[in-house]
Asker: 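What follows is a structure written as structure tokens; I'll ask about it next.
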Amino acid sequence: MWIETKTEMEETSRSRASFSRRVLDGVMLCTGDMEHLDKHIQDMSFVLQLPVWGLRGVARVILANNPVSGALILAALYWDSPWQGLLGTLGVLASTLTAVIIGQDSADVAGGLHGFNGMLVSLLMGVFSSAGDWYWWLLLPVILGSATCVFLSSGLTTFLNHWDLPAAVFPFNIIIVLYLLCTGTNNPYFPHNPAIPPGVLKPNDTDLIAVEVIRGIPLGVGQIYATGALGPSLLILGAIVLYSPLLCVHAVLGSAVGTLAGLSMAVRHDSLYSGLSGFNGALGCMTVGGLFFTFSWRTNLFAIASAFLSAYSDIALSNMLGTVGLPACSWAATLTATLMLLLTGSLAAYRIPIGQAKAPECNLRSRSQWKAGNTEERESTDV
Amino acid sequence: MWIETKTEMEETSRSRASFSRRVLDGVMLCTGDMEHLDKHIQDMSFVLQLPVWGLRGVARVILANNPVSGALILAALYWDSPWQGLLGTLGVLASTLTAVIIGQDSADVAGGLHGFNGMLVSLLMGVFSSAGDWYWWLLLPVILGSATCVFLSSGLTTFLNHWDLPAAVFPFNIIIVLYLLCTGTNNPYFPHNPAIPPGVLKPNDTDLIAVEVIRGIPLGVGQIYATGALGPSLLILGAIVLYSPLLCVHAVLGSAVGTLAGLSMAVRHDSLYSGLSGFNGALGCMTVGGLFFTFSWRTNLFAIASAFLSAYSDIALSNMLGTVGLPACSWAATLTATLMLLLTGSLAAYRIPIGQAKAPECNLRSRSQWKAGNTEERESTDV
Amino acid sequence: MWIETKTEMEETSRSRASFSRRVLDGVMLCTGDMEHLDKHIQDMSFVLQLPVWGLRGVARVILANNPVSGALILAALYWDSPWQGLLGTLGVLASTLTAVIIGQDSADVAGGLHGFNGMLVSLLMGVFSSAGDWYWWLLLPVILGSATCVFLSSGLTTFLNHWDLPAAVFPFNIIIVLYLLCTGTNNPYFPHNPAIPPGVLKPNDTDLIAVEVIRGIPLGVGQIYATGALGPSLLILGAIVLYSPLLCVHAVLGSAVGTLAGLSMAVRHDSLYSGLSGFNGALGCMTVGGLFFTFSWRTNLFAIASAFLSAYSDIALSNMLGTVGLPACSWAATLTATLMLLLTGSLAAYRIPIGQAKAPECNLRSRSQWKAGNTEERESTDV
């Protein structure tokens, strides 16, 4: 009996261990770029592949390439506002389908590279619309705008390819600005609220509330998806952790830097509280810190510099575009990231070619392998 | 007698047939790119060659490369307003001569590639001037502005050459915007009217008149040359038919698409009636449908997409530039056309290298020959 | 005695001649690019090299590459306003040090190519600040702004390298516009004066004073360093003469052309008197006349055309940016110079590759040598 009990206990603990190991394995399978999934689904029908492509597209907005992260983010959007979730879903599907129809590179489509711009356009159209939720006519510009993103994305990629630069979120930024300019604030069919520049200070402004400012830091990550609620923002942060903890650290760091930049320029308090000051910093920091450059303490310093530059440029561009009632969207972060990718000198040594950029952790590993390989090769050539 | 009469009749009918055949042959000689003319005039003196280069330049505005079309268009401009005709003539001559003087490629000059930007600048300077017709001082900026177009055209061509893109009407768009900014609305020497953005709706707006809207479609083609009258617009359409019927179909189609886009965005009625809503659509449609891409049903769909994108972008840019009293000119169509030329995927398969782009009908023929040649070649290499 | 006296006199005259010759030799050593200095200092410590790099950077603003010219210009700035001199010194040091830290090409750093943008940013921040002189908080944006210039300079160089174009003063123009947009006119920490567009005419405007207008021509050269006083402007002109008399002629010529352009567009009298109308013309003229193109009568005509284009574009851009209270800085001249460098045709034949551009006199010599070498080479290949 005693022996049996012991073995039972052993088995239980072993099965527990194996269960937790299996859970961990399962979670581990959902981290990084999940390339193994592509092999599983490549023989499936188009209808089953499309959701995966779409979810990858959802995650690509925060530079992640992971369908599970995408699903978590989409859940966060539906949690915040079902209407916004619907618009986002529609946008990512419309642009992915358009890419399939106009014959874009299938690897790009499968990687979600044609989905994220459409999604952002849809979300921002929803946020700026002053016609309220469930205004069904909005679906028309949402679908058309998302589809147009694919054209811009394809054209810009050809243009920027000369410098090995990605089209990034340039298409989104262009289309949303054109849409808002096209409709104007008092359009009879598609009215929208004008953007308020961050430099406008009310005369009898109250004191800053420190807690609210700190609360703005995670909100800054949520604002990448135009979400101003804490819960969904934290869920989005969770989705980033799943893809890459290193990327998540940079997202929070960048958002904090952005808030700091906002404080130093005395922007509107609303802008700090809502996280709008932080999201460009977050994006600028994420691009440099790990994604397109191998992580190191040097890259980290450049990432912080990039976050500051993004944040200040965002304030500048918001003030400028705000004079005609337009938002600066993520122009600042996109331009700064492009600049960083063009940089020569010590940062360029860490540059990863766009086609090979993966999760930061993966980049680190492949770089050390590549270095080892290089050394071996050199040795073999020496002999 | 009888026999004679018969032979006479036969001869008359034969001569009639031969006459009509000869007329048809004559007309046929005036269609397409009229390359045979270049051989005839290449040994003539400069003074005789210049008008042909200029007329090709006039037609190049609507992407045609045909001096007879150019002459018809110039006649339409003189019909509408002799002052505008004079300005246009002066502009095309000034820029063509400048190109000769600063040593631009002679084939480009002979093809009218340095004339059309100067012409457009001159026409628009005349249209926006608030000093009235026959204000002779205007000839000074007209000549200088046209001459400057050649510098921009040459510089931009070098820049865009990397992607096999044409400078198109970018020089015109830049120069006219700079001129209007430079002089301002209440300049003592060169006053001009500010442009009214299409988004401005009067409070007590009357109902739309359907006939006027439809009338705006052919006017849209005329507005490419800043002509708002129906007769000259139809003559311009005739000039396009002479060059290429396919191009004419796309011009009208594009203008209709532009008007539709204008309706969907509830632009000012004036903008629809005058054809200003249509001309960017027309230009966007013409570029893709046949000129830089071999004609096919796919290209046709892309041409319509291009027309919509041009038209909506035009409304957006007009609203933006209108806040500082500037017109959007053909920025929208030029940018859209450039984007379309950069596109990868199924459209890129139909792309014709810029140096080889001819009349759409000619492109179709040369493509089939080229394909046949390719197949033969491949076969011969196989053997 | 007599013999002795004679020999004494001879010696005296000889020593006088040799003294003046030695002075002349000494001055001659300080002209042109002073490449011999680099060999002298290359083994010295970093602390001794840095000032030379910095002074080269100071002179690079007016396209000169000469530390003695730089020292004279810096003296002119301290003469005009010690505070501005301090800001300039700080700016050039901050950006040069940043370039060293982020590992930019050492030859570029030593040539002062990373200093001049930072210096201009600092000077303009000082000029536009409405907080008065010796407002120490301003040093913070001055240092950060100057450091950021290096990032932009490095990134833009990679981008523009495809066309063998220099980053020129694009970084300065971008950073200063971003800074002014970022802070806004009534910022609590860094307030600044808005720029007044040149097109704004007061209703009861007095007559132009010819002497003041002519005085504006040398001031136009001073305005390149944001200096509005005559003495320092003349000292700056002297510094240009030291580097290259040919460049100085073009500077004055360009400033005169700019003033002429301003007169023809009836700009504000202040703009003419202060030299603000002239400095873009001066920059545009200097770039083409001798620096990036071998000097000849043809290049000279192009230089004048470039000056006119720069000046008119400056008025246009100033009017546009002035609507949001921004200055046009040297956008016009930089864009025009870039355009000229892209030009094909007869100007391109005189183009000097950027890496080989030196003082105009030196360019002339090296071209004739190069031509002679080419002929020899051709002959030798013939044989």
Side-chain angles (χ1 to χ4, degrees), chain A residues 98-109 113-114 121 137 140-141 143-163 167 170-171 173-192 194 320-326, chain B residues 159-165 197-203 205 261-268 277 284 288 298-299 301-302 305-306 308-324 326 328 331-332 335-351:
Chain A
T98 309
V100 172
I101 291 166
I102 71 168
Q104 293 298 305
D105 185 61
S106 57
D108 285 359
V109 174
L113 282 173
H114 286 293
V121 165
W137 281 110
L140 213 71
I143 292 172
L144 286 177
S146 304
T148 315
C149 279
V150 181
F151 286 84
L152 275 164
S153 192
S154 171
L156 281 174
T157 303
T158 314
F159 185 85
L160 294 169
N161 215 20
H162 269 262
W163 299 271
F170 279 121
N173 284 307
I174 294 168
I175 293 292
I176 193 69
V177 164
L178 284 180
Y179 168 74
L180 293 177
L181 275 172
C182 211
T183 54
T185 46
N186 46 7
N187 190 280
Y189 310 135
F190 309 109
H192 65 80
M320 187 178 66
L321 291 169
T323 57
V324 283
L326 289 175
Chain B
F159 185 85
L160 294 169
N161 215 19
H162 269 262
W163 299 271
D164 194 30
L165 291 173
V200 178
L201 272 168
K202 288 163 199 159
D205 225 334
L263 280 172
S264 78
M265 280 294 135
V267 299
R268 277 186 308 117
S277 293
V288 177
R298 275 198 176 187
T299 329
L301 289 180
F302 276 106
S306 171
F308 268 111
L309 190 50
S310 298
Y312 281 118
S313 306
D314 180 50
I315 300 172
L317 292 177
S318 296
N319 280 337
M320 187 177 67
L321 291 169
T323 58
V324 282
L326 289 175
W331 274 109
L335 287 169
T336 305
T338 305
L339 178 71
M340 287 289 162
L341 288 169
L342 283 170
L343 226 58
T344 54
S346 37
L347 186 59
Y350 295 94
R351 172 84 192 270

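In what follows, every chain begins at residue 1, and chains take the letters A, B, ... in the order their sequences are listed. Since the structure is predicted, the reported quantities are computational estimates derived from the model, not experimental observations.
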Asker: Which pair of non-hydrogen atoms, one from B:N319 and one from A:L181, has the smallest distance, and what is that distance?
Answerer: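 That would be ND2-O, 2.8 Å.
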Asker: Testing the basics here: between B:A266 and A:P188, what is the closest heavy-atom pair and its distance to 0.1 Å?
Answerer: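 Where B:A266 meets A:P188 most closely, the heavy atoms are CB-CG, 3.6 Å.
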Asker: Between B:S318, B:S264, B:A348, which shows the greatest number of heavy-atom pairs under 4.5 Å with chain A?
Answerer: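 If we count pairs closer than 4.5 Å to chain A, B:S264 comes out on top.
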Asker: So for A:Y189, is it side chain, backbone, both, or neither that comes closer than 4.5 Å to the heavy atoms of chain B?
Answerer: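 Looking at A:Y189, just its side chain touches chain B.
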Asker: Could you tell me the separation between the CG atom of B:L343 and the CD atom of A:Q104, rounded to the nearest 0.5 Å?
Answerer: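 Those atoms lie 6.0 Å apart.
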Asker: Mind listing the closest non-hydrogen atom pair of A:N187 and B:M265 along with its distance?
Answerer: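 A:N187 and B:M265 have their closest heavy atoms at ND2-O, 3.3 Å.
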Asker: Around atom CH2 of A:W137, are there more than 12 heavy atoms from other residues, nucleotides or ligands closer than 6.0 Å?
Answerer: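 Counting other residues, nucleotides and ligands, CH2 of A:W137 stays at 12 neighbours or fewer.
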Asker: To the nearest 0.5 angstrom, please state how far the CG atom of B:L339 sits from the CG atom of A:L156.
Answerer: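 One gets 7.0 Å once the value is rounded to the nearest 0.5 Å.
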Asker: Is it the side chain or the backbone of B:T323 that comes within 4.5 Å of chain A heavy atoms, both, or neither?
Answerer: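 Side chain only.
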Asker: Flag the one option from A:V324, A:T183, A:L152, A:D105 with the top tally of heavy-atom pairs under 4.5 Å to chain B.
Answerer: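 Counting heavy-atom pairs under 4.5 Å, the top option is A:L152.
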Asker: Using non-hydrogen atoms and a 4.5 Å limit, figure out which bit of B:L309 sits close to chain A: side chain, backbone, both or neither.
Answerer: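 Looking at B:L309, just its side chain touches chain A.
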Asker: Select, from A:G103, A:S154, A:G325, A:S153, the one with the greatest count of heavy-atom pairs under 4.5 Å involving chain B.
Answerer: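 Sorted descending by pairs with chain B, the first entry is A:S154.
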Asker: Go through the steps to decide whether B:Y312 and A:L178 satisfy the test side-chain contact (heavy atoms from CB on, under 4.5 Å), and finish with yes or no.
Answerer: CA-CA 8 Å; B:Y312 281 118; A:L178 284 180; over 6 Å; no
Asker: Quick one, A:I102 with B:F302, criterion side-chain contact (heavy atoms from CB on, under 4.5 Å). Give me CA distance, side-chain angles, the key distance, then yes/no.
Answerer: CA-CA 9 Å; A:I102 71 168; B:F302 276 106; 3.8 Å; yes
Asker: Out of curiosity, A:N161 CG to B:H162 NE2, how far, rounded to the nearest 0.5 Å?
Answerer: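 Interatomic distance, A:N161 CG to B:H162 NE2, rounded to 0.5 Å: 13.5 Å.
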Asker: I need the A:F159 CZ to B:L160 CG distance, nearest 0.5 Å.
Answerer: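 If I round to the nearest 0.5 Å, the distance is 7.5 Å.
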